[in-house]
Structures are given as structure tokens and as C-alpha cells.
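A quick write-up on the structure given underneath.
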Amino acid sequence: MTPMASDKEITFSGKGKSPKHHPFKKKIQKTDRVNSPFARRYPQGNKSTVYFQDALDGEDSIEDEESLGSTFRKSKTDLQLQSQQLLPGRKALPVYQNKDEIMSYIAQNQVTVLIGETGSGKSTQIPQFIMSCLDSNKKKKIAVTQPRRVAAISLATRVAMEYGCNVGDDVGYNVRFDNRSNDKKTKLKYLTDGMLLRELMLDKNLSQYEYIIIDEAHERTILTDLILGFLKELISPDKNGARSADLKIVVMSATLQAEKFSEFFNNAPILFVKGRTYPVENFYLTTKDSTTQTDVVESMIRSIVQINSSEPFGGDILCFLPGQEEIDKAVTILSKIAPVLKNSYLSTDVKQKVPELVPLPLYAALPPNKQLFVFNRLNPKKFQRKVVLSTNIAETSVTIPGVKYVIDSGLRKVKVWRHELGLSTLLTVPVSQASCSQRSGRAGREFPGKCYRLFKESDFKKLPPQSEPEIVRCDVANPILMLKKIGVDDILNWSWLENPGKNSIVMGLQELYTLNALDDNGKITGKGEKMALLPLAPHLSNVLLQAIDNNCIEPVLDIVSCLSVENLLLNPLPEKRDEVNEKRFSLCTNGSKYGDLIMMKELYDMYLSLSSAAEKQNWCQELCVSYRGFKNVLKIKEQLKQYVKKIQGTGASNLSMDDDNDEMSGASSKTSSLDISSVLKCFLHGFVKNTAIGMPDRSYRTTTTGEVISVHPSSLLFLNKTCPAILYTEYVFTTKGYARNVSRVELQWLQEVALTARKTK
DNA sequence: GAGCACTGC
């Protein structure tokens with residue numbers, strides 16, 4: 001036995017409770033049930049299991065997107081053969097067995113809410129059923145929305161195979177940077193909800209569609225919520241909805257928010273289709289010391305060790321922890337004790353040794369190649385057990401094969417926007433009961449499993465049934481701008497699925513007004529129209545439009561593109577932190593003086609100046625920046641450039657972009673000739689509120705409220721205390737108020753921008 | 001002298 005295991009035992013109570021017995025069961029019983037017998041999992045033994053298994057439930061994998069959709073076109077006979085081969089598997093799906101009943105509901109109702117449990121086949125089959133009863137005379141399409149890109153791509157690929165066509169013909173998809181659909185041919189189109197919203201802004205009646213299917217509606221992303229609101233207005237006769245008769249809507253959801261959707265759509269019928277998961281037993285903490293908050297990492301490790309020493313070999317462990325910090329800590333400890341532990345014996349069979357634990361971290365900021373480890377099978381000869389320590393990413397976005405045990409800390413991290421303060425805070429909060437079910441369900445994907453919850457059953461009952469929808473805790477400036485663009489005047493009384501609240505809306509409107517997107521009457525301005533169409537946050541759109549007027553579009557385009565990529569600058573490991581910081585500092589001569597925005601421009605130019613992919617990769621590794629991220633930067637820049645050209649074409653400005661100077665021919669505008677003050681003034685226009693003045697005591701105070709704000713240690717300007725004023729693109733509160741992504745600005749620029757802003761208003 | 005959960009255009 002090891003010190004860790006003998007020290008303190010954690011005891012779990014509770015008879016097995018499968019996720020089907022969750023507290024929402026009662027609500028569902030009064031709805032129409034379409035039950036089907038429990039059956040085996042989808043019998044499709046394809047080698048690329050991660051991808052196909054995921055496609056069934058509309059989930060993502062971390063695989064390279066490029067490898068998902070194949071451009072290879074198959075012959076008609078091959079396609080038909082393949083479709084035939086897949087048919088028996090489809091027929092065995094719960095959804096397929098209830099096809100007629102489901103379809104008669106959809107035919108008789110304008111809106112149908114469908115609850116399909118994991119593995120029911122809803123995302124692949126329902127759209128195909130509907131496709132067979134499309135009125136071919138109308139030449140209209142079916143849209144299926146997904147919250148994530150990868151899901152849209154993999155579902156379309158799978159369904160095309162089942163249907164017997166090449167992707168992009170009858171069945172296609174459309175996601176940012178990748179449109180494989182044909183306006184004339186495509187009848188069934190999978191798209192991201194962001195894409196459908198974009199289509200809405202260009203044609204608010206969505207006239208090319210006869211059916212709209214909103215999948216994964218329970219995830220309640222801002223974009224899904226907005227689409228549902230628009231659809232409601234579109235079909236309601238008393239709001240003069242243009243499609244009150246000829247548009248059908250199916251809202252699909254995996255958990256049980258059905259009542260809410262049903263009520264929202266005038267008591268639409270709710271259908272329930274059973275899934276195909278294995279039962280999962282849930283256990284709760286009973287130990288007394290759980291009442292005094294013990295360290296979550298510590299109790300997690302005890303539980304892992306305990307499971308490993310009491311459960312028979314076979315079946316991996318998936319652990320949910322709130323963040324990177326906890327995960328890294330747990331992995332470090334486990335790596336240290338694993339070699340010792342493997343010499344101990346099972347508590348149930350003293351002659352049997354325990355498997356060796358192989359701890360693997362999983363979170364978004366982890367380099368992609370390290371994320372892939374969790375999918376690797378361990379060598380079966382090597383008597384090992386995988387322990388994946390993950391954030392929320394494994395709750396919805398990723399499916400890890402082989403998991404039989406789940407340990408749930410019951411915590412997650414959430415970014416909360418404080419509209420009254422204009423800053424975001426990062427909080428560790430308890431998850432909802434729905435999240436708990438989702439997490440424990442991860443243990444029952446391949447075989448019956450067990451879930452250990454690191455809290456008491458009485459605490460579970462106190463948890464909120466559902467997580468707070470995103471829209472109530474985020475900045476709503478962008479959603480409001482979209483509403484305005486589509487022509488909604490009364491934002492406060494719009495048909496919000498969840499109203500973000502008066503204060504939040506008023507702050508959003510004010511924000512848009514100061515960005516000149518709205519006029520004195522709250523109507524959208526010409527500038528606002530352009531901002532709404534740009535695939536950027538309103539502040540960045542404003543910066544870009546300002547750059548057209550200031551004649552410095554090239555460098556600003558580069559920087560804005562960099563800012564659009566999450567995790568472009570990776571967090572160096574603690575031991576390499578100083579080294580990487582110094583390298584960035586000495587390499588970016590202008591950035592070291594003017595700050596992070598200018599550094600990005602310098603890094604971008606350096607990246608472009610390297611010729612081979614190998615050189616680029618090396619360079620990225622050395623400076624701890626993301627290679628994949630930079631590839632994305634180029635794509636985004638190309639897209640933004642097209643928008644800018646369109647805007648310039650409309651006569652907003654006579655300045656044109658220099659075509660010979662694009663990124664393919666090397667650095668566009670050399671940093672040496674870079675007009676730093678022009679560039680930073682553009683950013684000041686979009687981020688006037690995000691400025692602070694240097695005080696005699698070398699602290700900074702915000703220009704809005706006078707609060708003390710500190711430069712974040714990740715900034716190049718962290719050690720530089722001599723800026724007259726600073727501009728930052730993000731203001732976060734953790735242990736104190738931090739400005740992230742900081743630039744040096746002159747006091748005079750602040751005045752200048754304040755004056756011009758007032759004039760144009 | 002900090003650490004960012006996760007998406008989307």
C-alpha cells in the first residue's frame with residue numbers, strides 16, 4: 001500500500017443510479033414517448049472510430065479538421081453500394097424504428113421538440129427522413145445547425161455516405177472557411193449556428209429553407225438562443241412573421257430543457273427517443289471531512305488510487321477538474337506516485353498487482369499533439385490504466401474511448417462578464433445537475449460504468465438543475481448589433497429565449513453608441529451595418545474601419561487577424577517562462593517599447609519571412625506561439641481583406657488595398673516603415689474605454705472609473721513602468737484587476753481620439 | 001510576478 005491510499009480512505013455511498021433516473025424524469029413522463037428497446041451500439045465497425053462514433057452524436061474530436069472531409073469523389077456505383085451497406089445499421093437505430101411516428105408529428109406541427117438521448121441517431125437520421133418528403137417543386141432546403149464546426153463537417157460527411165452521394169451534392173455543409181454545399185444541388189445542409197445567423201442577416205426570412213433543425217439546443221450558446229428567437233418571430237402571425245405558414249422547425253436537444261423550448265414555441269409537442277447508453281452507477285461522498293473543504297486535487301488523487309486498487313483491470317478513468325492549474329498539479333503528483341503504486345496489490349485480491357497508472361492531461365490550451373495522447377490505446381501487454389484529467393472539454397466537445405470510471409470534482413471555471421464594471425472575472429463554480437449527468441454519462445458509452453462524485457448526495461440536490469445560459473453572463477453588444485442589423489427596434493422586448501436583463505442590454509446599447517454603430521435614436525448607422533457583417537467583435541470591427549480612414553489598413557489587418565485567434569501566444573511552462581519572455585522581448589524591438597499589439601505585428605512579419613514549414617515550426621516552438629494558430633491568422637486575414645475590399649468598393653473610402661503586397665509575397669508593410677502612432681490610434685478608437693493613465697507612483701488608473709489596474713505579467717510592458725498611458729484589449733479580474741494585451745499610448749493621442757470621437761458623433 | 005472553462009463568424 002502507498003501512503004496516499006492508506007492515509008485516508010474516501011467512502012462513497014449510494015446504490016447504482018443510471019443517468020436515466022435523474023430528477024427531470026417526472027417532467028418528461030407527461031410528454032409523448034417514443035420508446036424503443038435497448039439495443040447494441042451503432043454497428044459500424046469502421047477503423048476511424050473516434051471520428052465516426054462522434055459523428056453519430058454530433059460531437060467533435062480533436063482530429064485535424066482537414067482530415068475530416070475528404071475531397072475524393074466516388075463513383076455512383078460505389079456510393080450506392082456504400083449506402084446499401086450502411087442501411088442495416090441505420091435501421092437498427094432507435095430513431096429509425098420510430099420513423100413513422102416521428103414524421104407524423106413533424107408533418108402535423110410547425111414546431112416539434114425532439115429529445116434524443118445519446119446514440120439515438122437523431123442528428124443523422126431525422127434530416128434524412130425529412131429529405132425524403134421535401135416538396136421538390138419548391139426547390140427549398142433543409143438546414144441543420146450545430147454549435148461546433150467539426151460536428152457540422154463530420155455529420156455531413158457521414159450522412160452523405162448513408163444517403164449515397166458525394167459531400168457537397170445532395171448533402172453538404174457550410175462552416176467558416178469551408179463551404180461544401182451547392183446552391184442548386186444541395187437539399188440538406190449542415191452548418192454552424194454562426195453561419196445560419198450570418199445568412200439571417202443577409203435574408204431575414206431564410207427563404208431558401210423549408211425546414212430548420214436546431215441541434216444541440218440544450219447547450220444554449222448565445223448564437224443558438226438568438227436563432228431560436230428569430231425563428232419564433234419569423235413564424236408568428238401576430239408579429240407579421242413572413243414565414244408563418246411555410247416553415248417547419250425541429251428543436252433537437254439531448255438533455256431535458258424540452259419544456260422550456262416547448263413553452264417558447266407555443267407549447268409545441270415534445271417527443272422523446274431513448275438512446276443507447278449503458279447504465280452508470282453514481283456514488284457520492286459520505287466521508288465527514290468532505291464538509292470541511294478539502295483540496296480538490298488531493299481528493300481526486302485519493303479516489304483514483306482507490307479505484308485502481310479495488311476495481312479489476314480494464315477500463316480507463318476520466319476525471320473532471322476545473323482548470324489547467326489543478327490538472328497540471330494532479331498529473332505531476334500522479335506521475336511521481338505511479339511507479340511506486342504499481343508494486344502494490346489489489347484490495348480485493350491480495351495476490352493480484354494493480355495496473356500502472358498513466359496520467360494524461362486534457363485542456364484547450366494544451367498543444368494539439370499532446371491532446372491526441374488521450375485517444376491512444378495503451379499497449380495491452382503493458383498492464384496499464386489510463387487516467388485522463390480533463391476540463392469541461394471532455395464533457396461535450398470530445399469523446400474519449402475506453403472510459404469506464406468517471407470522477408467528478410463537481411467544479412468548472414466560468415468567465416463572467418460584469419457589465420456594470422466593464423470587465424470579466426474568472427470564477428470557479430459548482431456545475432449544474434445536468435452537467436453532472438452529462439459527465440457521468442461519459443462512463444457508459446461502451447460498457448456499464450461507474451461515476452464517483454466528489455461531493456455528497458445532499459449537495460447534489462442543492463445544485464441548480466441547469467447551467468446558466470451563456471447569454472446572461474456575457475457582453476451582449478454583439479448580439480444586439482446583430483438584432484439591429486436584422487431590423488429589431490425594441491431590443492428590450494424582443495422574443496429572447498432568455499432575456500439578458502435590462503441593465504445588461506442598456507450597457508450594450510451604450511457601448512454600440514460610443515462605437516458609432518447606433519445613432520441618437522438607437523437606429524443602426526451605416527458604420528454599424530458594416531460592423532455587423534464583419535466577422536469580428538464590434539470593438540475590433542471599429543478598429544478596422546478606422547484603419548481604412550487612417551490609411552494604415554495593412555498593419556491593422558495583421559494585428560486584428562492575430563487577435564482573432566485564441567491561444568496564438570501559448571503559455572510557456574513555468575521553467576521556460578523567463579527564457580521565452582526574454583526572447584520575445586529582444587526579438588520584437590518595437591514591441592518591447594510599444595507593447596503587445598505591435599509585438600504581434602512583428603511576430604507576424606517574422607513568421608512570414610521564414611520560407612519553409614520546418615523553419616516556421618521551429619520558430620513557433622522557440623517563441624512559444626502556435627503554428628496552427630498562425631496558419632489560421634492567414635486565413636482570417638484573407639477573409640477580412642475581402643470584406644475590406646467590399647467596404648471600399650461601396651465608396652466608404654477611396655483608399656484601396658495594395659494587391660501586390662499581400663502576405664504571399666512576404667511581409668506586407670515592413671515594421672521599419674510602420675507608422676506606430678497611426679496604428680495605435682486606430683485601436684484607441686475601438687477601445688477608448690480600455691485606457692488607463694500612468695500615476696506618479698507608477699501605478700495606472702483607468703480613465704473610466706479611476707480604479708487601479710495592473711499590467712498583466714504576460715505582457716511585454718510588464719516591467720516597463722514609464723508609459724504615460726496604456727491601452728488594453730482586455731480587462732480581467734482574478735486576484736486583482738489586470739490589463740491584458742497592453743500598449744503604450746501618449747496622453748495627447750487620448751485627447752485627440754476623444755475629440756474626433758465626439759465630432760463624428 | 002499571473003496562470004483562460006468552451007464555442008462561433
Side-chain angles (χ1 to χ4, degrees), chain A residues 59-60 62 145-152 174-179 191-202 216 219-227 320-329 362-366 390-398 409 411-416 424-429 431 435 467 470-471 473-474 478-479 481-482 485 531-538 540-541 561 564-574 577-578 581 632 635-636 639-640 642-643 710-715 718-719 721 730 732-741:
Chain A
E59 286 165 4
D60 304 351
I62 300 184
T145 69
Q146 293 292 325
R148 284 171 289 277
R149 294 166 52 89
V150 194
N174 189 8
V175 299
R176 191 184 191 184
F177 305 130
D178 193 3
N179 179 5
L191 28 64
T192 44
D193 41 21
M195 265 303 180
L196 188 71
L197 219 42
R198 208 140 271 275
E199 291 186 2
L200 252 164
M201 285 196 278
L202 299 171
E216 311 288 348
E219 286 192 25
R220 302 291 309 275
T221 68
I222 290 182
L223 301 177
T224 311
D225 271 25
L226 288 178
I227 289 172
F320 287 100
L321 283 163
Q324 178 182 343
E325 194 188 337
E326 291 85 359
I327 290 169
D328 285 342
K329 201 166 141 192
L362 179 64
Y363 44 80
L366 203 68
S390 170
T391 61
N392 250 353
I393 193 171
E395 190 180 309
T396 50
S397 301
V398 153
S409 67
L411 299 170
R412 64 166 182 160
K413 280 201 174 174
V414 63
K415 204 174 195 171
V416 180
S424 46
T425 46
L426 200 76
L427 306 170
T428 302
V429 297
V431 297
S435 267
S467 312
E470 205 183 354
I471 198 143
R473 53 176 171 82
C474 284
N478 207 13
L481 186 58
M482 288 182 189
K485 167 75 184 141
M531 285 168 62
L533 285 179
L534 283 167
L536 294 168
L540 284 176
S541 298
S561 304
S564 295
V565 172
E566 281 308 304
N567 297 330
L568 183 64
L569 302 179
L570 302 164
N571 284 347
L573 293 172
R577 193 171 58 195
D578 287 343
N581 284 349
N632 241 337
K635 280 191 197 167
I636 291 172
Q639 191 190 33
L640 291 176
Q642 299 307 322
Y643 278 103
S710 313
V711 175
H712 195 273
S714 64
S715 170
F718 175 66
L719 295 169
K721 310 267 184 196
E730 211 184 337
V732 266
F733 197 93
T734 49
T735 47
K736 54 180 176 174
Y738 281 107
R740 306 196 66 193
N741 224 328

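Throughout, protein chains are lettered first and strands after them, A, B, ... in sequence-line order, and every chain is numbered starting at 1.
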- Query: So does Glu219(A) reach the base of dC6(B) with its side chain, donor to acceptor, closer than 3.5 Å?
  - Reply: no
- Remember a base hit wins even if backbone is also touched, and classify Arg198(A) as base, sugar-phosphate or nothing at under 4.0 Å, heavy atoms. base
- Query: Quick one: Leu427(A) CG to dA5(B) C1', roughly how many Å, whole number?
  - Reply: 11 Å
- When the distance from CG of Leu540(A) to C1' of dC9(B) is rounded to whole Å, what number comes out? 13 Å
- Does a side-chain N or O from Ser564(A) land closer than 4.0 Å to OP1 or OP2 of dC9(B), or not? no
- Message: Students often get this wrong, so: under 4.0 angstrom with heavy atoms, is Leu197(A) touching a base, only sugar-phosphate, or nothing?
- Response: nothing
- In whole Å, what is the span from the OH atom of Tyr363(A) to the P atom of dT7(B)? 15 Å
- Check every strand shown and say whether Gln324(A) touches a base, only sugar-phosphate, or nothing at a heavy-atom separation below 4.0 Å. sugar-phosphate
- Item | Thr391(A): partners by side-chain contact (heavy atoms from CB on, under 4.5 Å), with sequence neighbours left out | Ile327(A), Tyr363(A), Ile393(A)
- Query: If we only count heavy atoms from C-beta on, is the Lys485(A) to Leu533(A) side-chain gap below 4.5 Å?
  - Reply: yes
- Rounded to whole Å, the CE-P distance (Met482(A) to dC9(B)) equals 11 Å
- Counting any heavy atom closer than 4.0 Å, what does Glu326(A) reach on the DNA or RNA strands: base, sugar-phosphate only, or nothing? nothing
- Message: What's Ser710(A) touching, base or sugar-phosphate or nothing? Going by heavy atoms closer than 4.0 Å.
- Response: nothing
- Task: Give the minimum heavy-atom separation between Phe177(A) and Arg149(A), together with the two atoms involved.
- Result: CD1-NH1, 4.3 Å
- Message: For a quick test of reading the model: is some side-chain N or O of Arg220(A) closer than 4.0 Å to OP1 or OP2 of dT7(B)?
- Response: no
- Query: Are side-chain N/O atoms of Glu216(A) and Thr224(A) paired as donor and acceptor at under 3.5 Å?
  - Reply: no
- Starting from P on dC6(B), measure out to CD on Glu566(A) and report it in whole angstrom. 10 Å
- Task: Rounded to the nearest angstrom, tell me the gap between atom CG in Asn179(A) and atom P in dG8(B).
- Result: 16 Å
- Euclidean distance, atom CD of residue Glu730(A) to atom C1' of dC4(B) [Å, nearest integer]: 8 Å
- Message: Could you tell me how far apart Ile222(A) (CD1) and dG8(B) (C1') are, to the nearest whole angstrom?
- Response: 10 Å
- How is Phe177(A) classified with respect to the nucleic acid when contacts are heavy atoms under 4.0 Å: base, sugar-phosphate, or nothing? nothing
- Query: How is Thr221(A) classified with respect to the nucleic acid when contacts are heavy atoms under 4.0 Å: base, sugar-phosphate, or nothing?
  - Reply: nothing
- Can you list the residues that meet the side-chain contact (heavy atoms from CB on, under 4.5 Å) rule with Asp225(A), with sequence neighbours excluded? Arg220(A), Pro469(A), Ile471(A), Leu497(A), Glu498(A)
